[in-house]
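Structure first, commentary second.
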Number of protein chains: 2
Amino acid sequence: MEQATSEKILDIAQSLVVAGGYNGFSYADISEAVGIRKASIHHHFPTKAELVQVLVDRYTQRAESGLNSLREHVPGPVEQLQAYLNYWQKCILDASEPFCVCAMLAAEIQMLPEPVATHVRRHFENLAAWLTSVLKAGVEQKLFRLARAPEEEAQILMASVHGAMLSARALGNPSLFAAIVGPQLARLKA
Amino acid sequence: MEQATSEKILDIAQSLVVAGGYNGFSYADISEAVGIRKASIHHHFPTKAELVQVLVDRYTQRAESGLNSLREHVPGPVEQLQAYLNYWQKCILDASEPFCVCAMLAAEIQMLPEPVATHVRRHFENLAAWLTSVLKAGVEQKLFRLARAPEEEAQILMASVHGAMLSARALGNPSLFAAIVGPQLARLKA
DNA sequence: GTTGGCTATCCTACTAGTAGGTAGTTCAAT
DNA sequence: ATTGAACTACCTACTAGTAGGATAGCCAAC
């Protein structure tokens, strides 16, 4: 089963966004990477704003269903959180996706087309909500002992994850991600 | 005393970088904001890469001397750290500089001209080193009790700061910065 | 079962506008 | 007289986006 062209376009565009943000790539870049003419990309995605909007939508959709399936299939809040962090650790270590699309776009949110900005904001809200729910479950089962409200601890954890991605990238040291994020999980455990 | 044109150019360029990153602005944008022709900017800064390089250099220089003067003039490691965090909290709340130039550029470090990337990396190293030294001093004076090595805690703190900036921006909630970063300082205190 | 239409995909060729950058000039202050 | 800083005018390359045509597959109707 061949992959659909529009999916290929989105895949390439996503890796380009991860590398350089919204203004860091052009239709010509995608064209070259996919092996298709520029005009053909406009056939699938009339404007750049639409392309990125669909891209972010797909990303948030996948993230949400991925997180929810973790919550269903992984036993225990501690393991769920660990699985989430492991996922990113792997992505960063093997450079398959060394940065979160939405974190990248959030940095330039002021310059983004409004619909894209809205989707990015929603991803942050979703992620915070997921982390909150896992923390709450952990507290109920006496697996976590939090110094603050679960909502607050979720925000702290999310910020640590994004900050750790940034440090790993800035210092060119992929293993820094785990070194920063590991202790943050550890200190939540009861 | 009128401000020098080259400084005006750097000021505008810096605010544009903070808003949209390296590829988020053009000489035309600066031209308009400064009230000068495009070619005149090239007189001061022949290439965009040089302009941003000087910009980052000025930024890191200021940051380093600012941090060092904190360490000299503010009594006590706890207060020094608090002063650093307060500085950013103020910048974000009054929107005067709602994001760190180097954090912004670090996100797109793969696409930056090599000399710029090097300067950005150095800022991360400098900041981590400053935080480490303050934490060490605090431990010696029994003001901090760290669960990990000071170098590690410094990385965690730095990541929290950058992640908190990102969350505040993404969610359009400036006060989120303090809500994330405050508890991180609190948990270090003995 | 072949014809004819419909649609999806991709193409060539083009547009207007913007990117970073250059050449050469003017002009005031040294 | 020289210099620094500004200017006008321009260049080439690239940007997102458009117009219109070629090819192929599918799905009737005959």
Side-chain angles (χ1 to χ4, degrees), chain A residues 1-58 104-105 108 110-117 119, chain B residues 1-58 104-105 108 110-117 119:
Chain A
M1 173 65 183
E2 265 290 320
Q3 191 185 192
T5 304
S6 64
E7 289 293 307
K8 270 193 244 177
I9 293 171
L10 289 173
D11 288 346
I12 296 292
Q14 177 161 331
S15 73
L16 290 171
V17 166
V18 166
Y22 188 86
N23 293 306
F25 75 100
S26 72
Y27 271 45
D29 296 327
I30 302 174
S31 159
E32 197 182 353
V34 177
I36 212 182
R37 298 290 117 152
K38 249 182 11 152
S40 309
I41 302 170
H42 280 287
H43 169 73
H44 294 277
F45 305 99
T47 69
K48 192 180 183 181
E50 274 180 79
L51 166 58
V52 177
Q53 201 182 323
V54 172
L55 164 68
V56 173
D57 202 40
R58 189 184 70 154
M104 194 72 195
L105 292 173
E108 16 179 48
Q110 298 176 343
M111 319 278 279
L112 297 181
E114 185 45 48
V116 178
H119 278 69
Chain B
M1 173 67 184
E2 264 289 322
Q3 192 183 192
T5 304
S6 64
E7 289 293 307
K8 268 192 246 176
I9 293 171
L10 289 173
D11 289 347
I12 296 293
Q14 177 161 331
S15 73
L16 290 171
V17 167
V18 166
Y22 188 86
N23 293 307
F25 74 101
S26 71
Y27 271 45
D29 296 327
I30 302 174
S31 158
E32 197 183 353
V34 178
I36 212 181
R37 298 290 120 153
K38 244 181 15 151
S40 309
I41 303 171
H42 281 287
H43 170 71
H44 294 277
F45 304 99
T47 70
K48 191 180 185 182
E50 274 180 79
L51 166 59
V52 176
Q53 201 180 325
V54 173
L55 165 72
V56 173
D57 201 40
R58 188 184 71 153
M104 195 71 195
L105 292 174
E108 11 179 52
Q110 298 176 346
M111 318 279 280
L112 297 180
E114 185 44 48
V116 178
H119 278 70

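Naming convention: chains lettered A, B, ... in sequence-line order (proteins, then strands); numbering from 1 in each chain.
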Exercise. Taking DNA chain D as the partner, which of residues 30-46 of chain B come within under 4.0 angstrom of it by heavy atom?
Worked result: B:Ile36, B:Arg37, B:Ala39, B:Ser40, B:His43, B:His44

Could I get a table of every N or O pair under 3.5 Å where one atom is in the protein and the other is in nucleotides 23-26 of chain D?
none

Exercise. Do any pairs count as a salt bridge (Lys or Arg N to Asp or Glu O under 4.0 Å) and have a residue in residues 44-53 of chain A, sequence neighbours left out, and if so which ones?
Worked result: none

Problem set entry | Partner residues of A:Ala117 under the side chain to side chain contact (heavy atoms under 4.5 Å, CB included) criterion, sequence neighbours left out | A:Ile109, A:Leu112, A:Glu114, A:Arg121

Seminar exercise, completed: With sequence neighbours left out, the residues meeting side chain to side chain contact (heavy atoms under 4.5 Å, CB included) with B:Ser6 are B:Ala4, B:His44, B:Phe45

Problem set entry | Under the side-chain hydrogen bond (donor to acceptor under 3.5 Å, both in side chains) test, residues paired with B:His119 that sit two or more places apart | B:Asp57

For this session: For B:Ala33, enumerate each residue passing the side chain to side chain contact (heavy atoms under 4.5 Å, CB included) test, keeping only those at least two apart in sequence or located in another chain.
Result: B:Ile12

Exercise. Can you tell me if B:Glu108 uses its side chain to pair, donor with acceptor, with the backbone of B:Tyr22 under 3.5 Å?
Worked result: yes

For this session: Quick one: pull up OG in A:Ser31 and CD1 in A:Ile9 and give me the separation to the nearest 0.5 Å.
Result: 9.5 Å

For this session: Could you list the residues that satisfy side chain to side chain contact (heavy atoms under 4.5 Å, CB included) with A:Ala28, not counting sequence neighbours?
Result: A:Ser26, A:Lys38

For this session: Please list residues of residues 11-27 of chain A whose heavy atoms come under 4.0 Å from any atom in DNA chain D, ordered by number; otherwise none.
Result: A:Phe25, A:Ser26, A:Tyr27

For this session: Can you measure from CG (B:Leu10) to NZ (B:Lys8) and round to the nearest 0.5 angstrom?
Result: 12.5 Å

Using nucleotides 26-30 of chain C, report all nitrogen or oxygen pairs with the protein that are shorter than 3.5 Å.
none

Problem set entry | Gap between atom CG of B:Leu51 and atom CD1 of B:Ile41 - 0.5 Å precision | 8.0 Å

Exercise. Under 4.0 Å between a side-chain N or O of A:Thr5 and OP1 or OP2 of C:dC10?
Worked result: yes

Seminar exercise, completed: salt bridge (charged side-chain N to carboxylate O under 4.0 Å, His left out) filter on A:Asp11, not counting sequence neighbours, yields A:Arg58

Problem set entry | Whether over 12 other heavy atoms sit under 6.0 Å from A:Gln110 CD | yes

Problem set entry | Neighbour count above 12 (heavy atom, 6.0 Å) for A:Glu32 CD | no

Seminar exercise, completed: Taken to the nearest whole Å, CG/A:Asp29 to C1'/D:dA13 is 14 Å

